[in-house]
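Here, residue 1 is the first one in the sequence, and each next residue gets the next number.
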Amino acid sequence: MRTDSEMNKFHATFLGYRIYRKKFLGTVAVVLFLSILVFSGMLIFFVNTWMSDLRQEAQSRFLERERRMAVIQDWTMNYTNRLYEDGMLMKDLKALFLASSQQQYLWERREESLGNSEQIRYLPGDMRQLFADSRSEITGITLRSEAGMKAIWMENGDVRLSFEFHGEEDLGQISGFGDILAASFSIRSPEYMGETMGTMDFWIRSSELYEGEERFRAVWALLDNEGSLLTGSELSGAQERWIRQAAAREEEEGWLPGTVYYLRFVSSQGDYSFVVIRDLPSVLRDNIYMIMALLMALTLIALGVIVTSYVGIQADANFLTTIMAMLGEMESGDFKELEGRELPDSHRENEYGMIAVALKDVGAKLEGYIETEYILKLKEQETEMRALQHQINPHFLYNTLETLRSKALMQGDRDVADAIAMLGTLYRARMHRKNSISLKEEFGLLEMYLKIMELRFRDNFVYQMELDEAAEGVPTVNFWLQPLAENFFTHGFNRESEYNLLIVSGRAQDGGVRIEVIDNGSGVQEDRLEEIRRNMYEGNDGPEADIGLRNVYMRLNYFYRDGFEMDVGNNPEGGFGISIFIPGKVVKDVHADDRG
């Protein structure tokens with residue numbers, strides 16, 4: 001026989017009990033796993049948020065430059081149109097297009113001047129105002145015709161004209177000429193507008209267009225259509241490789257190997273691309289304080305849960321030690337000591353307390369009848385205990401939910417209280433279901449479930465429910481609308497969307513009821529849609545099969561038989577839809593409680 005002191009000494013902590021040791025270690029493992037899972041999920045969420053902020057900032061900067069390019073193009077167009085209004089400038093422009101050298105240009109100017117009472121004007125000199133005006137931002141102009149290419153630019157306050165270029169690649173020899181083609185116009189002959197003399201191109205410097213981008217929180221660069229770097233932030237060798245990889249991709253946004261996020265914006269105003277990259281380690285370094293705060297918060301929560309579990313399990317273990325001591329007293333036949341034992345108040349209302357009270361009652365009864373009815377009474381007590389245990393569980397859940405609801409109301413959290421009340425009502429309805437219920441009752445139970453989900457996703461979930469009054473009394477099986485709603489949350493709900501909508505409607509139609517469950521998700525591809533229909537009608541034991549739809553279809557088809565229809569498909573407006581037609585009658589010889 002083991003005494004009370006011996007048992008307490010052997011089990012000084014709950015770790016001496018295998019059941020509690022496994023429970024505590026399991027709790028620690030689950031808490032650590034969930035903490036890591038939550039931390040990873042929140043870190044992914046924050047990284048996506050930070051990258052979204054980067055995308056908005058980069059897009060804003062790019063669009064602002066696009067507007068500047070549009071203004072420059074309007075400015076150059078106005079300048080080009082003004083040329084047509086000045087005949088003497090057009091004669092000089094014609095001479096430039098026809099000349100292939102400086103000498104030929106002077107000769108063409110002389111030819112155009114003959115027979116004119118007015119002095120021919122000098123176009124490069126007129127362009128001085130275009131270069132000097134800060135609104136235009138033009139740094140170079142090229143004239144291209146069959147006679148070759150001419151370049152005009154300003155250098156040290158003087159306008160320069162050169163005939164020594166054969167292509168755009170030669171323009172790089174001119175310091176500050178410009179590397180982005182801002183606008184290009186075909187110039188027509190002043191004598192005959194149907195004849196094109198050549199093309200006038202206006203160039204700007206990429207470094208001036210994107211000046212001030214060093215304040216940008218990411219690495220960036222401008223690349224021309226050939227993939228050559230025009231300008232950008234200071235790039236390391238790896239960063240330049242990432243920039244070129246991003247420029248070569250078809251997608252305008254994504255991740256490169258090595259956890260590098262990129263954005264690429266192709267200009268519609270000029271022949272260049274704006275590429276932005278940000279590697280994940282630098283993002284984490286820049287936000288290390290927020291990440292550490294998140295990690296600390298989750299660590300404190302995990303420690304709180306573990307400590308709470310430790311304290312609770314230790315208390316249960318101590319009480320179990322008391323129960324084992326009571327069993328030892330019963331084993332020794334010391335029923336007086338058993339009857340006088342005081343039980344801790346903290347466990348009087350739970351299952352351990354009930355067991356201890358029952359042990360005391362058993363001891364009291366055994367004391368009087370041990371010689372005549374010892375074995376019989378033990379069997380009866382064992383039967384009663386098992387029956388009591390089976391009755392406790394549902395009521396224990398209801399009582400616990402009601403206690404949590406009362407505490408939430410006392411603390412002013414009405415949403416939590418309502419959610420707990422709805423959960424308890426929904427649990428009771430599902431546990432005590434009838435053979436069949438009306439559509440009104442089934443819609444009511446679904447609405448309780450959707451209200452709970454609306455509280456859970458209050459920022460991005462909305463639902464609508466409507467049932468014709470004429471259809472409310474139609475009988476149906478229990479618990480088939482909720483699995484269809486759960487299907488939406490599993491496959492159609494988008495956490496990134498600000499507006500997830502679920503509509504459930506029931507209307508009278510052709511002597512029955514047409515019920516539709518539709519959402520505004522992304523829908524299902526056509527080949528996948530046919531597979532879903534086939535699995536729903538014929539069944540599929542594979543892991544990819546949608547068991548919920550198959551189960552609902554089989555139960556309703558078994559309940560209604562002739563006249564029942566169920567189909568799935570995509571909505572024309574977007575999203576996924578389930579359409580069900582049920583007749584206003586049921587098969588009378590079918591028992592609904594056998595269809596579970």
Side-chain angles (χ1 to χ4, degrees), residues 430 436-437 439 442-443 445-447 449-450 453 457 461-468 471 474-497 499-587 590 592 594-596:
R430 295 310 187 194
S436 65
I437 61 175
L439 274 179
E442 180 68 8
F443 267 65
L445 294 175
L446 174 63
E447 186 164 17
Y449 169 75
L450 293 180
M453 301 306 287
F457 304 107
F461 171 62
V462 177
Y463 74 90
Q464 297 177 6
M465 293 187 63
E466 182 180 357
L467 178 63
D468 286 354
V474 174
T476 188
V477 295
N478 194 358
F479 192 61
W480 64 271
L481 276 176
Q482 183 175 326
L484 300 185
E486 291 171 351
N487 184 72
F488 159 70
F489 286 102
T490 302
H491 302 291
F493 189 85
N494 183 4
R495 291 179 179 268
E496 302 299 327
S497 173
Y499 183 70
N500 290 276
L501 174 63
L502 180 66
I503 301 176
V504 183
S505 63
R507 64 182 186 276
Q509 176 183 314
D510 300 332
V513 181
R514 173 68 63 180
I515 297 176
E516 293 182 337
V517 181
I518 61 177
D519 61 57
N520 67 338
S522 57
V524 179
Q525 295 183 355
E526 197 60 35
D527 55 344
R528 174 63 179 148
L529 198 59
E530 291 301 321
E531 184 180 355
I532 291 174
R533 289 195 181 101
R534 184 169 59 255
N535 292 341
M536 183 177 68
Y537 296 140
E538 303 174 4
N540 186 352
D541 294 330
E544 76 284 354
D546 196 321
I547 300 175
L549 287 176
R550 171 65 177 170
N551 187 25
V552 170
Y553 173 79
M554 291 179 64
R555 293 179 64 208
L556 292 179
N557 187 48
Y558 192 51
F559 189 77
Y560 293 108
R561 297 290 179 86
D562 296 337
F564 166 72
E565 298 175 0
M566 180 173 176
D567 194 15
V568 296
N570 292 318
N571 305 315
E573 299 82 7
F576 185 71
I578 303 173
S579 179
I580 299 171
F581 178 81
I582 61 176
K585 63 182 185 302
V586 298
V587 179
V590 175
D594 291 335
R595 306 182 193 113

Which atom pair, heavy atoms only, marks the closest approach of L549 to M536? O-CG, 3.9 Å

So does E466 have more than 12 non-hydrogen atoms from other groups sitting under 6.0 Å from CD? no

With a 6.0 Å cut-off on the ring centroids, do F489 and F461 count as close? yes

Report yes if some heavy atom in the side chain of T476 is under 4.5 Å from a heavy atom in the side chain of I437; otherwise report no. yes

Heavy-atom distance under 4.5 Å between the side chains of L445 and F479, does that happen here? no

Qualifying salt bridge (charged side-chain N to carboxylate O under 4.0 Å, His left out) pairs with a residue from residues 483-492, counting only residues at least two apart or across chains: none

So do N571 and F576 actually touch side chain to side chain, heavy atoms under 4.5 Å? no

Test item: Y463 and L446 side chains (from C-beta on) under 4.5 Å apart, heavy atoms: no

Could you name each residue pair satisfying salt bridge (charged side-chain N to carboxylate O under 4.0 Å, His left out) that touches residues 503-525, not counting sequence neighbours? R507-E516, R514-E565

Closest non-hydrogen atom pair between V568 and R533, with its separation: O-NH2, 2.6 Å

Kindly give the heavy-atom pair with the smallest separation between I580 and L484, and that separation in Å. CD1-CD1, 3.9 Å

Once rounded to the nearest 0.5 Å, what's the spacing between atom CD1 of I532 and atom CG of D527? 9.5 Å

N/O donor-acceptor pair under 3.5 Å between N487 side chain and P483 backbone: no

Would you confirm whether E442, through its side chain, and L481, through its main-chain N or O, come within 3.5 Å as a donor-acceptor pair? yes

Give a yes or no on whether the backbone of A508 and the side-chain of D468 come within a donor-acceptor separation of less than 3.5 Å. yes

Separation between CD1 of I515 and CD1 of I578, rounded to the nearest 0.5 Å: 11.5 Å

Over all heavy atoms of both residues, which pair between L450 and A485 is shortest? Give the atoms and the distance, please. CD2-CB, 4.1 Å

Keeping the roles fixed (side chain from N520, backbone from Y499), state whether a donor-acceptor pair exists under 3.5 Å. yes

Pairs where residues 504-537 contributes a residue and the test ring-ring contact (aromatic ring centres under 6.0 Å, His included) is met, not counting sequence neighbours: Y537-Y553

Would you say V517 and F488 make side-chain contact, with heavy atoms under 4.5 Å? no

Tightest non-hydrogen contact, residues F559 and S436, listed as CZ-CB, 4.2 Å

W480 vs L556, test: side chain to side chain contact (heavy atoms under 4.5 Å, CB included). Steps then yes/no. CA-CA 8 Å; W480 64 271; L556 292 179; 3.6 Å; yes

Does D567 reach the main-chain N or O of S579 with its side chain, forming a donor-acceptor pair under 3.5 Å? no

Does any non-hydrogen side-chain atom of M453 lie less than 4.5 Å from one of Y449? yes

State whether E531 and R528 are salt-bridged, where the test is any N-O pair (Lys NZ or Arg NE/NH1/NH2 against Asp/Glu carboxylate O) under 4.0 Å. yes

Could you measure the distance from the CE atom of M566 to the OH atom of Y560? Nearest 0.5 Å is fine. 12.5 Å

Which heavy atom of V513 sits nearest a heavy atom of A471, and at what distance? CG2-CB, 3.6 Å

